[in-house]
Every structure is written in structure tokens, then in C-alpha cells.
Amino acid sequence: MLQVSYIRENKEQVLERLAVKNFKQPELVEEVIRLDDVRKQTQNRTDSISAEANAAAKQIGELMRAGKKEEAEILKANTGKWKEEIKQYGDELAAVESELQQKLVLLPNLPHSTVPKGLTPEENEVVLEQGDKPQLPAEALPHWELAAKYKLIDFELGVKITGAGFPVYKGKGAKLQRAMIAYFLDEAEKAGYEEVVVPLLVNEASGFGTGQLPDKEGQMYFVNEDNLYLIPTAEVPVTNLYRDVILKADELPVKNCGYTPCFRREAGSYGAHVRGLNRLHQFDKVEIVQVVRPEDSYKVLEEMSAHVQGLLQKLGLPYRVLRLCGGDMGFASALTYDMETWSAAQQRWLEVSSVSNFETFQSNRLKLRYRNAEGKTQLAHTLNGSALALPRIMATLLENNQTERGIKIPEVLVPYTRFEWIE
RNA sequence: GGAGAGGUGUCUGAGUGGUCGAAAGAGCACGCCUGGAAAGUGUGUAUACGCCAAAAGUGUAUCGAGGGUUCGAAUCCCUCCCUCUCCGCCA
């Protein structure tokens with residue numbers, strides 16, 4: 001959520017930045033400022049009436065104690081009108097605050113100055129491309145066929161017990177999955193991230209805090225009975241660990257990592273391009289999250305990007321890094337890098353990580369602050385990234401590493417899998 | 001799931017209608033003391049919003065959340081949430 005004070009002071013710049021994100025309702029900016037004006041006036045009025053009423057109540061109390069009952073009664077008789085007014089203006093204030101809030105949450109985060117204009121994924125900027133794309137023989141198989149051939153993943157079984165998009169991993173497929181989770185967590189720990197194990201269901205306040213609600217309500221599974229959402233990413237519970245928190249300066253940066261399954265409804269997306277592991281309703285992911293000082297956040301974003309790239313390099317996967325254009329970025333992000341690996345059998349890039357700086361967009365919703373050098377509270381910056389999302393890594397590994405003998409496990413994973421080949 | 005108790009500031013904890021944003025202690029910060037530290041001692045120590053050019057100051061709100069009673073609510077009433085104890089169930 002943007003800060004009203006910032007919008008007021010930088011209106012032109014805000015409009016300019018929103019245009020980069022292809023925001024369709026620039027008139028909301030004026031509206032927010034107008035509502036904030038009304039809010040201030042209304043609060044002013046409400047406060048001064050409350051002040052009068054408080055003063056009168058105090059006086060009555062003093063008279064009562066002094067035994068001057070009659071005088072107190074006279075005052076009491078005059079206080080009747082405060083009540084109605086306080087109620088009326090209080091309601092007005094609540095109404096305008098609520099209206100302001102409703103408009104405010106519709107405004108997406110402002111994109112960083114380096115974010116390219118553009119509407120579609122094709123307009124994302126390729127920052128770098130690394131690693132050689134393997135040349136597979138003509139008889140090379142896509143991962144879903146490899147998964148069947150080596151009995152690694154059973155999609156049909158998943159359909160039976162749940163539905164499409166909920167695969168069952170078996171044997172070496174299951175072990176490889178677990179190995180990657182352990183490896184990614186260990187690498188994150190080496191990079192200074194403290195591991196957390198968090199709930200997989202979150203309440204509405206948490207969904208709001210990181211920006212999924214109300215914007216992406218339909219993408220989350222919802223447990224009606226208990227009013228809880230299944231997490232679409234560990235970002236939600238992990239970042240919300242710091243909701244309503246004022247951190248001491250020396251507690252920054254906060255660095256957490258965590259493995260969780262992720263649940264996404266992804267309604268209406270079926271077809272060849274989502275075959276196999278390409279898009280699932282449930283998948284595993286290791287997430288890294290940081291809470292930092294504003295002045296450090298872009299340096300930290302690069303550091304997190306480098307961490308993700310390091311993982312891909314160690315796995316020996318060809319990848320590229322995209323700087324997302326305004327139209328393809330998430331609602332809450334100021335700058336996002338997507339990492340994609342080259343899936344050799346499918347001949348396409350697969351997104352395996354997304355690293356974002358949210359600046360104060362989330363912290364403003366979360367009320368996540370820290371005490372700066374002057375001792376004043378200030379909104380911190382939040383960042384997160386996948387390190388990594390498992391299914392497409394699995395897909396790429398299977399496809400790119402297939403040989404006549406079988407599938408070669410990357411060296412870094414062997415200590416975790418305790419086998420070198422799937423054959 | 002049943003019965004009972006309770007939710008106060010960073011923490012412990014007092015406060016059952018007014019002078020309470022809230023005693024006291026601990027912690028923390030700064031100062032004094034000390035060769036240095038401990039002890040001792042002094043001062044300070046919530047958040048948000050409004051007014052003010054800003055600071056100072058000042059107004060309002062907040063004692064789990066929301067509503068109500070009252071001139072006045074941390075304190076009384078209602079609803080919800082959460083925690084603890086006992087019983088039941090259970091990996």
C-alpha cells in the first residue's frame with residue numbers, strides 16, 4: 001500500500017510511475033488526495049468536539065468530588081449534545097477512512113526507475129543469459145514422459161486422490177524432491193538466512209499484509225469453515241512474522257528462509273503448455289525473505305538475485321534473468337527479477353524464481369517498522385525470492401540431464417540423494 | 001468437544017467508575033560515580049493520526065477486537081478472538 005503522504009507530495013511522479021505499470025485508473029490518485037483532505041477535516045472536527053466533551057466530563061468529576069452536585073447537574077444537562085455530535089462525526093470519520101482505505105488498496109506499488117515500460121512478458125528485459133543450452137538428440141523426451149519412464153512422478157494417481165495439478169512423487173522422484181529441498185535450505189543457511197517452519201494456512205490479516213488480499217483473492221484456496229487461506233507462497237506467513245512489529249536498528253537485516261508447499265488455484269489454465277510439472281496447484285518451494293533498511297534494499301535485491309543464480313549455476317542449468325516490465329510485474333513489487341531455466345526437451349524457458357523488492361508497499365500494510373538512527377519509527381523495506389521453486393527445476397533437470405544411460409544427478413545433489421543416476 | 005480462570009506498556013505486575021497513557025519493579029538508553037566494570041544514583045523510556053512552516057508544544061484515539069451503558073470506562077454489560085487449567089478425543 002502506498003503512503004498517502006508520499007502520494008500528496010509526489011503526485012506527478014506517482015502518476016508517471018503508475019503509467020509505467022499500465023495502471024488503468026490514474027484518477028484514483030486525485031481521489032485519494034481528496035479523501036485524505038476530507039479525512040483531515042473530519043478528524044479535526046471530531047477531535048475538537050471530543051476535547052470539549054472530555055473537558056466537561058473532567059469538570060463534572062471535579063465538582064462531584066467537591067460536593068457541588070447542583071453545578072455538576074447543570075453541566076451535565078449541557079453535555080447531551082456532545083454525544084450525538086461525537087457519534088455522528090465519529091461515524092463520518094470512520095466512513096471516510098474506510099473509503100480512503102478502499103481506494104488506497106487499489107493502487108499498485110510504484111515501479112522502480114529501471115523498470116522497462118511494456119505490457120506483455122515479451123517486453124521483459126533480458127538482463128543476462130548464462131550457460132550452454134544442451135543439444136539433445138531427436139529422441140529426447142519431455143519431462144512428463146521421463147517421469148513415467150523412470151517411475152518418478154505419477155500424475156494420474158494425483159488426479160485420483162485429489163485432482164489435476166497434484167502430482168504424486170515416487171521412489172527416486174520423491175527422493176530427488178526431498179534432496180533439492182534440503183540442498184536449497186542448506187545453501188540459504190550458508191548465505192545467512194535463518195530457517196523457519198511456518199503454518200501453511202493463514203488468516204485474512206496475513207493475506208492482506210503481503211498484498212494477496214484483496215487483489216488476488218481468487219488465486220488462493222480458502223477454507224470457509226475456519227476462514228483461512230492456504231498459502232500460495234511461504235512469503236505470506238514468513239513476512240507476516242513481522243506484522244505489527246517495530247524492529248530495533250541492530251535487528252536489521254532480518255533474513256529468513258523456509259520450505260513450504262504452495263497452493264495455487266490457477267483457475268482456468270489448462271492445456272499443453274501446462275503439462276507435467278509446468279504448472280501445478282500444489283508445489284514445493286524454498287523461499288528467502290529479507291527485511292532491510294530502505295537505503296539497503298536494492299543492494300540486497302542484487303544479493304538475493306545472485307544467490308538464486310548461484311543455485312542455478314551449481315545445478316548446472318542454463319538460465320536467464322529477466323527484469324520484468326511494468327505490465328508483467330506483480331501488484332506489490334517495485335522491481336522484480338525472474339529467473340528462467342532452459343528446458344531443452346520442451347525448447348522453452350521456464351520460470352523457476354522471482355525475486356522482488358517491495359520497498360514499503362508491504363511494510364505499510366504490515367505496519368512493519370524499525371527505529372532509525374534518529375530514534376524515529378520508519379517503514380522497513382521487504383524483499384523475497386524463490387530459492388527455488390522445485391517442479392520446474394525438476395522438469396529441467398530431468399530433460400537436460402537425460403542420457404542413453406539414464407538421468408544424471410547434478411554433483412551438488414548427490415550427497416543429498418545418495419544416488420548419481422536415475423536409470 | 002465439555003467445565004472453569006484469565007487477557008493491562010519490552011517484561012513482571014497494580015489498578016472494579018473520574019485526578020489513569022495507566023502505580024511499582026525489572027529491562028533498556030543517556031548522565032553521574034569508578035582506573036575500568038559491578039553496585040549505587042539521577043533522568044528518560046508506547047504507537048498512530050490531527051493542529052503548527054518546523055521544533056517545542058498541543059488535541060484525539062488506543063489497557064485482546066468490536067459494540068453498548070454513563071456527563072465520564074482499563075474498570076460495568078453484550079458479542080467475538082486468544083491464552084491457561086481440568087476432563088474428553090487424538091498424531
Side-chain angles (χ1 to χ4, degrees), chain A residues 1-10 32-105 197 199-209 213 223-229 237 240-252 254 261 360 362-380:
Chain A
M1 191 161 67
L2 299 176
Q3 295 167 86
V4 183
S5 56
Y6 183 86
I7 297 174
R8 296 187 79 104
E9 285 158 27
N10 306 276
V32 160
I33 294 173
R34 186 190 68 80
L35 284 168
D36 193 49
D37 285 337
V38 177
R39 190 200 109 247
K40 284 187 181 182
Q41 287 167 17
T42 312
Q43 186 184 334
N44 218 326
R45 210 168 34 174
T46 312
D47 282 1
S48 56
I49 293 166
S50 294
E52 282 183 66
N54 287 347
K58 202 172 199 172
Q59 216 180 331
I60 290 169
E62 280 162 14
L63 290 170
M64 298 285 266
R65 246 172 301 111
K68 299 176 179 170
K69 275 228 159 117
E70 325 73 49
E71 288 182 46
E73 287 304 325
I74 293 166
L75 262 180
K76 264 198 207 181
N78 290 329
T79 52
K81 65 173 179 180
W82 309 135
K83 256 194 130 167
E84 279 176 42
E85 287 188 348
I86 287 173
K87 176 108 178 70
Q88 187 196 326
Y89 292 137
D91 288 350
E92 270 180 45
L93 182 60
V96 72
E97 278 176 346
S98 146
E99 199 183 342
L100 175 60
Q101 175 81 357
Q102 277 171 33
K103 304 288 186 207
L104 212 46
V105 298
V197 176
L200 306 181
L201 286 91
V202 294
N203 57 28
E204 190 182 344
S206 295
F208 176 78
L213 294 174
V223 181
N224 194 47
E225 194 74 16
D226 299 287
N227 246 285
L228 296 171
Y229 296 86
N240 271 280
L241 257 20
Y242 305 97
R243 171 151 50 85
D244 290 319
V245 165
I246 300 175
L247 293 160
K248 291 182 189 135
D250 63 8
E251 291 177 295
L252 294 174
V254 170
T360 59
Q362 291 183 329
S363 58
N364 191 31
R365 289 179 167 214
L366 293 160
K367 307 220 182 314
L368 197 191
R369 293 153 292 175
Y370 76 102
R371 219 169 280 285
N372 65 21
E374 293 86 54
K376 293 202 166 176
T377 59
Q378 190 177 345
L379 293 174

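Letters A, B, ... are given to chains in the order of the sequence lines, protein chains preceding strands, and every chain is numbered from 1.
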| Can you tell me the Watson-Crick or wobble partner of B:A5, both distances under 3.5 angstrom? | B:U83
| Considering only the C1' atoms, how many Å lie between B:U58 and B:A5, rounded to the nearest integer? | 43 Å
| request: Using the side-chain contact (heavy atoms from CB on, under 4.5 Å) rule, take A:Gln3 and A:Leu379 through it: C-alpha gap first, then chi angles, then the decisive distance, then the call. | output: CA-CA 10 Å; A:Gln3 295 167 86; A:Leu379 293 174; 3.4 Å; yes
| B:G7 and B:C63, which share atom name C1', separated by this distance in whole Å | 10 Å
| remark: In Watson-Crick or G-U wobble terms, with both distances under 3.5 Å, the base opposite B:A23 is none
| task | Could you give the distance separating B:A74 and B:A56 at their P atoms, to the nearest angstrom? | result | 27 Å
| To the nearest Å, how far apart are A:Lys376 NZ and B:A46 P? | 15 Å
| request: Grab the CG-C1' distance between A:Asn54 and B:G17 for me, whole Å please. | output: 15 Å
| said: Need one value for A:Arg371: base, sugar-phosphate or nothing, where a base atom within 4.0 Å counts as base even if backbone is also close, heavy atoms only. | reply: sugar-phosphate
| query | Atom CD of A:Glu204 to atom C1' of B:A65: distance rounded to whole Å? | reply | 14 Å
| request: Could you give me the CA-CA distance, side-chain angles and deciding distance for A:Ile7 and A:Leu104, then say whether side-chain contact (heavy atoms from CB on, under 4.5 Å) is met? | output: CA-CA 10 Å; A:Ile7 297 174; A:Leu104 212 46; 3.9 Å; yes
| Separation between the P atoms of B:A73 and B:C77, rounded to whole Å | 15 Å
| message | I need the CD-C1' distance between A:Gln59 and B:G18, as an integer number of Å. | response | 13 Å
| How would you label the contact of A:Lys87 with the nucleic acid (heavy atoms, under 4.0 Å): base, sugar-phosphate, or nothing? | sugar-phosphate
| query | How about A:Gln378: does its CD atom have over 12 heavy atoms from other parts shown lying under 6.0 Å from it? | reply | yes
| query | Rounded to the Å, how far apart are A:Lys248 NZ and B:U45 P? | reply | 17 Å
| request: Give A:Ala56 one of three labels, base, sugar-phosphate or nothing, depending on what nucleic acid heavy atoms sit under 4.0 Å from its own. | output: nothing
| query | Paired with B:G31: which nucleotide, if any, by Watson-Crick or G-U wobble criteria at under 3.5 Å for both distances? | reply | B:U41
| Which whole number of Å gives the distance between the C1' atom of B:G15 and that of B:A22? | 8 Å
| field | Salt-bridge contact A:Arg8-A:Asp37 (side-chain N to carboxylate O under 4.0 Å) | value | yes
| field | Integer angstrom distance from the C1' of B:G72 to that of B:G13 | value | 27 Å
| Interatomic distance, A:Ile86 CD1 vs B:G67 P [rounded to whole Å] | 15 Å
| task | Mind checking side-chain hydrogen bond (donor to acceptor under 3.5 Å, both in side chains) for A:Ser5 and listing every partner two or more places apart, or none if nothing turns up? | result | none
| request: Please state the P separation for the pair B:U62 and B:G9 - nearest whole angstrom. | output: 15 Å
| task | Using a strict cut-off of less than 4.0 Å between a Lys/Arg side-chain nitrogen and an Asp/Glu carboxylate oxygen, indicate whether A:Lys87 and A:Glu84 qualify as a salt bridge. | result | no
| said: Only pairs with both distances under 3.5 Å count, Watson-Crick or wobble alike; so what is the partner of B:C89 in this structure? | reply: none
| Pairing nucleotide - B:U60, Watson-Crick or G-U, each distance under 3.5 Å | B:A48
| field | Test side chain to side chain contact (heavy atoms under 4.5 Å, CB included) applied to A:Glu251 - qualifying residues, sequence neighbours left out | value | A:Leu247, A:Lys248
| task | Report the distance from atom CG of A:Asp244 to atom C1' of B:G64, rounded to the nearest whole Å. | result | 12 Å
| query | Roughly how far, to the nearest 0.5 Å, is the CG atom of A:Leu252 from the CG atom of A:Asn372? | reply | 10.5 Å
| task | Could you check whether A:Lys367 gets within reach of a base, just the sugar-phosphate, or nothing at all, counting any heavy atom under 4.0 Å? | result | nothing
| task | Counting heavy atoms from C-beta on, name the nucleotide in B:U60, B:G18, B:U47 closest to the side chain of A:Ala51. | result | B:U60
| Could you state the NZ-C1' distance from A:Lys76 to B:G72, rounded to the nearest angstrom? | 9 Å
| field | Distance, C1' atom - from B:G66 to B:A61, rounded to whole angstrom | value | 15 Å
| request: Consider only side-chain N and O atoms of A:Asn203 and A:Ser206, and report whether a donor and an acceptor are under 3.5 Å apart. | output: yes
| said: Can you tell me the base-pairing partner of B:G18? Count Watson-Crick or G-U wobble geometry only, both distances below 3.5 Å, and say none if there is no partner. | reply: B:C71
Distances under 3.5 Å between protein N/O atoms and the N/O atoms of nucleotides 49-52 of chain B, please, pair by pair.
unit_1 : atom_1 : unit_2  : atom_2 : d
B:C49  : O3'    : A:Arg39 : NH2    : 2.5
B:C49  : O2'    : A:Arg39 : NH2    : 3.2
B:C49  : O2'    : A:Gln43 : OE1    : 2.2
B:C49  : O2'    : A:Gln43 : NE2    : 3.3
B:C49  : O2     : A:Gln43 : NE2    : 2.9
B:G50  : OP1    : A:Arg39 : NH2    : 3.0
B:G50  : O4'    : A:Gln43 : NE2    : 3.2

| Contact class for A:Ser48 vs. all strands (heavy atom < 4.0 Å): base, sugar-phosphate, or nothing? | nothing
| task | Compare side-chain N and O positions of A:Arg45 against OP1 and OP2 of B:U60 and report whether any pair is under 4.0 Å apart. | result | no
| note | Between A:Gln378 and A:Lys83, whichever has its closest RNA chain B nucleotide further toward 5' is A:Gln378
| note | On RNA chain B, more 5' by nearest nucleotide between A:Met64 and A:Thr377 is A:Met64
| task | Could you grab the distance from atom OG of A:Ser50 to atom CZ of A:Arg45, nearest 0.5 Å is fine? | result | 12.0 Å
